[in-house]
Amino acid sequence: MTRTLFKLFTITFILIMLQISTVQASHPYNPERHIPSIHSSTDGESFCVDVKNTSRVTYTTAMNTLTTVLYNTDDGWDELNNGKISFVGHSSGQNCSDMTSTLLSIYKFRYYVLDNPEDFSGGTSAVIDCSTNCVKRYGPTSVSGHTHYDYGHAYLKHTAISTTTTHTINHETGHLLGLIDGDGTCTPTSIMHSVAYGCTTNPAWPTTADINSVIAESNKS
Amino acid sequence: MTRKKYFTLTIFAALVLLGVTVYGKGGLAHEGHESDDTHSEEYHSNFTNRATLTSNRDKITVCIEDYTQSTSNKALSEELKLKTNNIINEKVKKHIKWKNSGYSKEQIDIVEGCSFAPFLLDNGTAHPVYSGDMNKKLDRVISTASKEQLGIFIVDQSVVDKHFKNAPDRWSPEEMLCEHNECVEVTSGIYLTPDEVSGNEVNYLEKEILKRFGFEQGQLTSAQHDQIKKDELQKKAFLSKEG
């Protein structure tokens with residue numbers, strides 16, 4: 001009887017540890033909207049950049065900044081989960097909007113650098129907060145309880161390239177990979193829990209919680 | 001340790017486990033979590049993880065309408081409706097990916113007449129995705145999604161020539177719903193010419209519909225392959241230079 005109770009206690013204790021680690025280990029990954037290439041080892045996260053709506057950043061500066069951040073395999077999103085997430089930038093020097101439709105359709109991640117993102121909030125009413133940066137998702141398909149989007153657009157204010165570089169690019173890329181913004185809760189520490197959402201710091205790079213969330217989603221079928 | 005102490009400890013541990021579980025679920029719910037295996041809705045959001053995409057839809061409605069200037073006739077719409085119905089029943093619902101898709105949990109209705117006009121028929125707009133352009137007129141941002149989730153439009157050849165030259169398919173976003181700093185396509189369109197609807201182009205329609213359900217991906221062209229290789233080589237060069 002004592003042995004049985006001991007076993008029961010041990011199992012319950014292990015379950016507690018597992019539950020606590022689940023709650024604490026990852027940034028919540030909901031409502032699960034992302035580009036499907038994160039599930040694939042063969043399809044890279046191809047991206048292009050467009051600077052036609054800014055006079056303050058050149059194409060070369062924007063592309064160099066993005067590749068420096070997105071190709072960082074030590075601290076960033078790149079080459080996660082044995083290469084299932086692998087960013088590959090356009091190499092022919094064209095803005096997204098200068099490509100033919102055929103070529104452009106390769107690039108599922110698109111970064112638009114803007115002088116005034118608030119001018120591009122969409123529609124006639126300001127229903128999206130694009131005063132600094134925002135994202136749009138296109139081409140939905142429903143896969144076993146979550147939603148894939150063929151294309152993701154990130155709209156970056158020019159300062160995202162010139163001053164707040166690393167945090168903003170990683171934050172908006174976090175959205176395209178499926179992460180949601182913070183809600184004022186600052187634990188766990190996350191690239192999505194920035195000062196704009198009531199936290200004290202803007203992490204420069206995705207945290208362990210962010211990486212764990214994206215890897216877990218990437219492993220779903 | 002006595003049996004009584006073990007028993008007390010186990011009960012205590014079980015209560016802690018229950019508390020952690022409830023806390024965890026509450027925390028996730030606070031972050032916008034919703035169950036994906038039920039039809040429960042996010043009380044705070046216009047979005048849902050169901051295949052209907054928005055919480056104001058209780059089924060997937062596909063609408064069909066003829067917007068051609070010259071050949072508009074009811075018979076063509078009826079033909080398209082019939083073909084669409086056959087494709088949904090014979091190809092989509094029998095597809096190997098159907099069972100595990102979110103669509104299998106939803107009722108699909110096909111109706112004639114859409115409550116919204118095709119977005120690309122508005123003067124001055126470009127395709128929101130395939131043009132690569134951006135300005136605020138390139139999206140139709142709405143506050144309440146239409147009941148129809150997919151519109152299949154019969155349009156003049158000139159519309160297709162203008163917006164789908166070199167495009168991989170005939171899809172275009174129709175309605176975007178926004179919350180916080182994110183906008184999401186919740187209504188889609190497929191644009192076809194009268195010739196593609198009538199005659200022997202049923203495979204074209206089938207391919208477009210299967211793509212909208214995520215059951216067909218389309219093949220890369222050799223030019224696309226070449227560009228991807230080129231991009232990958234440049235990345236390798238960048239990384240070897242860096243490190």
Side-chain angles (χ1 to χ4, degrees), chain A residues 1-2 5-6 8-9 12-13 15-16 19-20 22-23 28 30-33 46 50 53 67 71 88-92 96-97 99-106 112 119-123 127-130 133-148 151 175 180-181 183, chain B residues 3 6-7 9-10 13-14 16-17 20-21 23-24 27-28 30-34 36-37 47 49 51 53 100-103 128-136 139 141 143 165-168 171 173 176 178 180-185 213-214 221 223-224 227-228 230-232 234-235 238-239:
Chain A
M1 179 68 178
T2 304
L5 280 171
F6 178 74
L8 195 61
F9 174 74
T12 310
F13 183 76
L15 282 173
I16 289 171
Q19 282 281 19
I20 288 173
T22 304
V23 169
N30 263 296
E32 300 187 275
R33 296 193 278 255
S46 291
D50 196 291
N53 289 288
T67 50
Y71 287 175
V88 186
H90 173 67
S91 61
S92 298
C96 305
S97 59
M99 297 180 200
T100 63
S101 299
T102 310
L103 195 58
L104 181 62
S105 63
I106 298 171
Y112 290 86
D119 291 344
F120 297 89
S121 296
V127 289
I128 180 173
D129 177 9
C130 201
N133 312 286
C134 57
V135 296
K136 293 182 184 176
R137 307 177 195 279
Y138 297 97
T141 51
S142 179
V143 188
S144 57
H146 69 283
T147 313
H148 286 164
Y151 302 93
H175 278 304
I180 57 168
D181 277 323
D183 63 350
Chain B
R3 284 181 191 177
Y6 269 125
F7 184 72
L9 269 173
T10 305
V16 171
L17 175 63
V20 168
T21 305
Y23 167 79
L28 291 174
H30 191 57
E31 292 273 2
H33 179 77
E34 69 169 324
D36 58 20
D37 57 0
F47 294 114
N49 274 357
L53 300 176
N100 287 330
S101 76
Y103 302 110
V129 176
Y130 294 147
S131 70
D133 291 339
M134 68 155 303
N135 67 58
K136 68 192 302 180
D139 289 307
V141 178
S143 52
K165 191 182 173 191
N166 299 319
W171 152 77
M176 301 289 286
C178 305
H180 308 299
N181 64 348
E182 160 170 355
C183 282
V184 174
E185 178 185 337
F213 280 82
T221 66
Q224 289 173 317
Q227 185 65 46
I228 290 168
K230 196 176 161 191
D231 295 349
E232 287 171 347
Q234 193 184 63
K235 180 181 181 181
F238 177 92
L239 292 176

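When reading the values below, keep in mind they use all heavy atoms of this one structure, side chains included, and skip hydrogens, waters and symmetry mates. Please read these numbers as outputs of a predicted model, since none were measured by experiment. Each chain gets a letter, A, B and so on, in the order its sequence line appears, and its residues count up from 1.
- Both the backbone and the side chain of B:E185 come within contact range of chain A, with heavy atoms under 4.5 Å apart.
- When heavy atoms are compared at a cutoff of 4.5 Å, B:T221 approaches chain A solely by way of its side chain, counted from C-beta outward.
- Within the 4.5 angstrom heavy-atom criterion, only side-chain atoms of A:Y151, from C-beta onward, approach chain B.
- When the SG-SG distance for B:C183 and A:C134 is compared with the 2.5 Å cut-off, it comes out at or above that value.
- Proximity to chain B (any heavy atom under 4.5 Å) is restricted, for A:H175, to the side chain, taken from C-beta onward.
- Ranked by non-hydrogen atom pairs under 4.5 Å with chain B, the options A:S46, A:G89, A:C96 are led by A:G89.
- Between the side chains of B:Q234 and A:T67, not a single donor N or O lies within less than 3.5 Å of an accepting N or O.
- By the 4.5 Å heavy-atom criterion applied to side chains, B:P173 and B:W171 are counted as neighbours.
- With a threshold of 4.5 angstrom between heavy atoms, B:F213 approaches chain A through N, CA, C or O but not through any side-chain atom.
- With respect to the salt-bridge test (charged N to carboxylate O, under 4.0 angstrom), the residues B:E182 and A:K136 do not qualify.
- Side chains of A:Y112 and B:D133: a donor-acceptor N/O pair is absent below 3.5 angstrom, by distance only.
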